[in-house]
Amino acid sequence: MEINKTYDPSLIEDKWYKYWMEHKFFKSVPDEREPYTIVIPPPNVTGVLHMGHMLNNTLQDVLIRRARMLGKNACWVPGTDHASIATEAKVVQMLRERGIKKSDLSREDFMKYAWEWKEKYGGIILEQLKKLGASCDWDRTSFTMDKGYYNDVINVFIDLYNKGYIYRGKRMVNWDPVALTAVSDEEVIFKQVNSKLVYVKYMLEETSNLKPQSPNFLVVATVRPETIMGDVAVAVHPEDERYKHLVGKKVIVPLVNRAVPIITDDGIDREFGTGCLKVTPAHDIVDYEIGLKNNLPIIDTLNEDGTISESGQVFVGMDRFAARKAALKKLEEDGLIEKMEDYSHQVGHSERTNAVIEPRLSMQWFLKMKDISKPALDAVMNGEVNLIPNKFINTYKHWMENVRDWCLSRQLWWGQRIPAWYSPNGEYVVAKTEDEAVEKFKSQKVEVKREEIKQDEDVLDTWASSWLWPISVFDGMENPDNEDIKYYYPTNDLITAPEILFFWVARMIIAGYEYRGEKPFTNVYLTGIVRDKLGRKMSKSLGNSPDPLELITKYSADGVRVGMLLCSPAGNDLPFDEGHCEQGRNFANKIWNAFRLIKGWTIDDSEPSQKNQMAIDWFSAKLSAEIENINDLYSKYRISEALMASYKLMWDDFCAWYLEMVKPDFVDGAALPIDNYTYNSTIEFFEELLKVLHPFMPFITEELWHLIGEREEKECIMVAEWPEAITSDPGILKRFEALMDSIVQIRNVRNERNISPKDALELYIRIPENPVSKSFEPLMMKMCNLSAIHYTEDKVENAASFISSNIEFFVPLAGKINVEDEKAKLMKDIDYNKGFLKSVQSKLANERFVSNAKPEVVDSERKKEADALNKIKTLEEQLGMLEK
RNA sequence: GGGAGUUUAGCUCAGCUGGUUCAGAGCAUCUGCCUUACAAGCAGAGGGUCACUGGUUCGAACCCAGUAACUCCCACCA
């Protein structure tokens, strides 16, 4: 069989993915096995695969695949989120490109376009996940606007309303003037912005009672002169001596010449600006509060798109930023600007559109969070739900204890429409259908005609649907006792980004307890944020994110998966570097070549040599020990480390040591045959290794699994059993460590003196010949290219020497040895050991150490002392020989 | 402004209850090798005052306090 020298994944990956799909290996239905369930964090339907998804979904696939191999009924539910704001923005943009304005469309028509868009472009990301190898049960693919799901969301709203958790209120919300919607506090990102702090003169209405010299105006410092038209007061601190005499008087608001009172408020910072605050209740949260306290009117001078409204009187229709410039110009002309200062401060931006957020007063629906979130706080605090890493518990706790009410409504069309109905007089009911609404009005003795009532125009926040995800994907809301939900819920692990710990994770836990009386998942693995080399978050807007599909083409899915996981401990950021993917690809190639080697052997029916038997015994023990180690790492969710352990097991232990030990020699240009037993053992080891690596590298392991042996139709590695560790003699690992150390030292002797690996060397060991040492001879000879091994009672002259496991070794190097170099080396070694001895002896000389430390610690120090003394003595003897 | 976290080799990270897991791993670097599995490779090597300063202890990368730098979360300072 001709096998390619390098591994070519291009055809292999698609082939196996298709095969797995055809054989329904990803499919899960409830049965008697233990379930292992993950629900995918549903990406936005608008989404395209980015590096964050890659990391996230690779981790999920690793866990799912391993669980499947462990014999569990593994179920990974995929799906997408309707992402109201993001999707609506896309649809609006698409319409604009076709020359259609959203405002010209009816709600129904818009929705038609939106669904059309969703069917056509939505869910590309799920197809991309397949390239990665994601073993999701695609038959279970869910969407947060599926009919049943939609229903669940509406029912939950109605239920929470009936329970008194939901209320409607006029509240200051974060308004996104580009998306034309309110966004939650969590979706506002504060950024440091440089602006101008403008000191504006507000003329006093009457100047009669003023002291002479004192000015006839107040100065107010503001960064938002365009809101001046909405001013209804000027507030000062009640204790502020500068202004005490003016309280209760009136000033004239510039630009609109309105007289407003001067009032006091404790919240005013006397140090900031002039200590005078212009109060604009419609456009600032603090001002709104002050307005409420003082019963001030509210003048909303902005339209929903951020332009100045009719109530502004001036600059009407102008954008707020243009109006700011215009206001400054006008104030300047009127001579009302005292001065301007550069000023840097935090300004809220919309996470979705990056528009500057406008605090805006509007009627919204809210969910009271305090009581409903209590069980979700407790669940994490008492360990019912684990956060991994657990450093996030503090953050979680802090957030949950200071939780604010959740603004549920969004001024959009794409999403679940709020099931509330209004009468012409502004009375409202919450009801599922129009019919029900009419009934409810009737029962509340409100006389309305069916044609007169109107449904709320707003939709629900996207998180108000995705918080039901672990329940709704199993139809657990509508049919709370169905087989799926009973079997799969609570799910096992949730893998997601820490950024949405509150948006999503906390709310799922809340919904879980509210609607199932039970947590939605047991473990939450929080991944890091993928950053570029400069430490910046990877994002589309920065354009610093590599295209994952291109990476897959370049390095193979297996290579990229390994690359992503090599350096991504839970909760730590992942500074992405393509070099890691290269390492992954190289690893795949290494495995491929190990296979080539084994496959190229010819087999005979001879007995295994003692050398091979020893190698087999050792690797068998090593494999078991490492499987245990890897299992342990998985149990602690140290996925990166599990990968690294698997990597070293394959590369170092199997390829570099084991295969080199058993690899047949060449005689006359042809490889000797290998005995049957060694061959079979090697194949068995290789298969076990492939299984260990399968979760990380599903494709190459499946390919080799089939190339290495005849397989039945459905006998795939992805459904093979996870290897078991067999207990074995731990002494063998110890003995091999000693052997390996001496092998490395012999190779070092060769390397340091530039002796070609082709030149065979002789070795002298300064111990009496014994069966154990004798048994190791063939291995040493093979691994070091030795021509002979001798035992000696004396030191050997003209030889390089070293000590390994308290045994002296000599490699005769007549003519190749530089006495001065050897002496220098020995002296350095002696110095080091003397230093070491000194530190040990001073420790032992310390009475308090000897009396306080644990006896075994003291013993071990004594042993160190003896060993060091011995070693120094030996080294000095060797030095003495050279000096002769 | 409040809270949390991080700081160990050039890079990314391990280092579990203070003492044989010795300060470790992978990558990168350096040296020598195209040795019929693999140059996407092989064999070796070098490299760290464990951020800083004190303290506790017989003993500190690990515990305590303070300092510095960075990161994240929360917060209404115009």
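Basis for what follows: all heavy atoms, side chains included, without hydrogens, waters or symmetry-related copies. All of these numbers come straight from a predicted model, not from anything done at the bench. Labels below follow one simple rule: chain letters A, B, ... track the order of the sequence lines, proteins then strands, and each chain is numbered from 1.
- Residue contacts for A/Phe587: at a heavy-atom cut-off of 4.0 Å it reaches no nucleic acid atom on any strand shown.
- Cation-pi check for A/Arg507 over A/Trp406 is met; the charged atom lies under 6.0 angstrom from the ring centroid and within 45 degrees of its normal.
- Among the heavy atoms of the strands, none lies under 4.0 Å from A/Trp601.
- The glycosidic torsion of B/U29 lies more than 90° away from 0, which places this base in the anti conformation.
- Candidate nucleotides B/G5, B/A37, B/A40 were compared by shortest atom distance to the side chain of A/Asn394, and B/G5 ranks first.
- Base pairing of B/U17: no nucleotide in any strand meets the Watson-Crick or G-U wobble criterion (both distances under 3.5 Å).
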Can you name the atoms? Protein N/O to nucleotides 56-64 of chain B N/O, anything below 3.5 Å, with the distance.
{"unit_1": "B/C58", "atom_1": "O2'", "unit_2": "A/Asn846", "atom_2": "ND2", "d": "2.8"}

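- Between A/Lys863 and A/Asp867 there is a salt bridge, with a side-chain nitrogen of the basic residue lying less than 4.0 Å from a carboxylate oxygen of the acidic one.
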| field | Residues A/Glu341, A/Tyr199; criterion side-chain hydrogen bond (donor to acceptor under 3.5 Å, both in side chains); working and verdict | value | CA-CA 8 Å; A/Glu341 285 173 355; A/Tyr199 289 72; 3.1 Å; yes
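- Distances shown here put every side-chain N or O of A/Trp657 at or beyond 4.0 Å from the OP1 or OP2 atom of B/A43.
- Within the nucleic acid shown, A/Ala656 comes within 4.0 Å of sugar-phosphate atoms alone, with no base atom in reach, counting heavy atoms only.
- A/Thr6 and A/Asn589 share no donor-acceptor pair across their side chains, judged by distance under 3.5 Å alone.
- Of the charged side-chain nitrogens involved, none lies within less than 4.0 Å of a carboxylate oxygen, so that A/Lys648 and A/Asp653 do not count as a salt-bridged pair.
- Taking the C1' atom of each, B/C62 and B/G55 are spaced 15 Å apart, rounded to whole Å.
- Side-chain N/O atoms of A/Glu660 and base N/O atoms of B/A37 include a donor-acceptor pair closer than 3.5 Å.
- Minimum atom distance to the side chain of A/Thr395 is reached by B/A4, of the listed B/G26, B/A4, B/G41.
- Between B/C70 and B/C27, the distance separating the two C1' atoms is 24 Å to the nearest Å.
- Here A/Lys734 does not pair with A/Glu737 in a salt bridge; the nearest charged N to carboxylate O distance is not below 4.0 Å.
- At the phosphate of B/G41, OP1 or OP2 sits under 4.0 Å from a side-chain N or O atom of A/Asn586.
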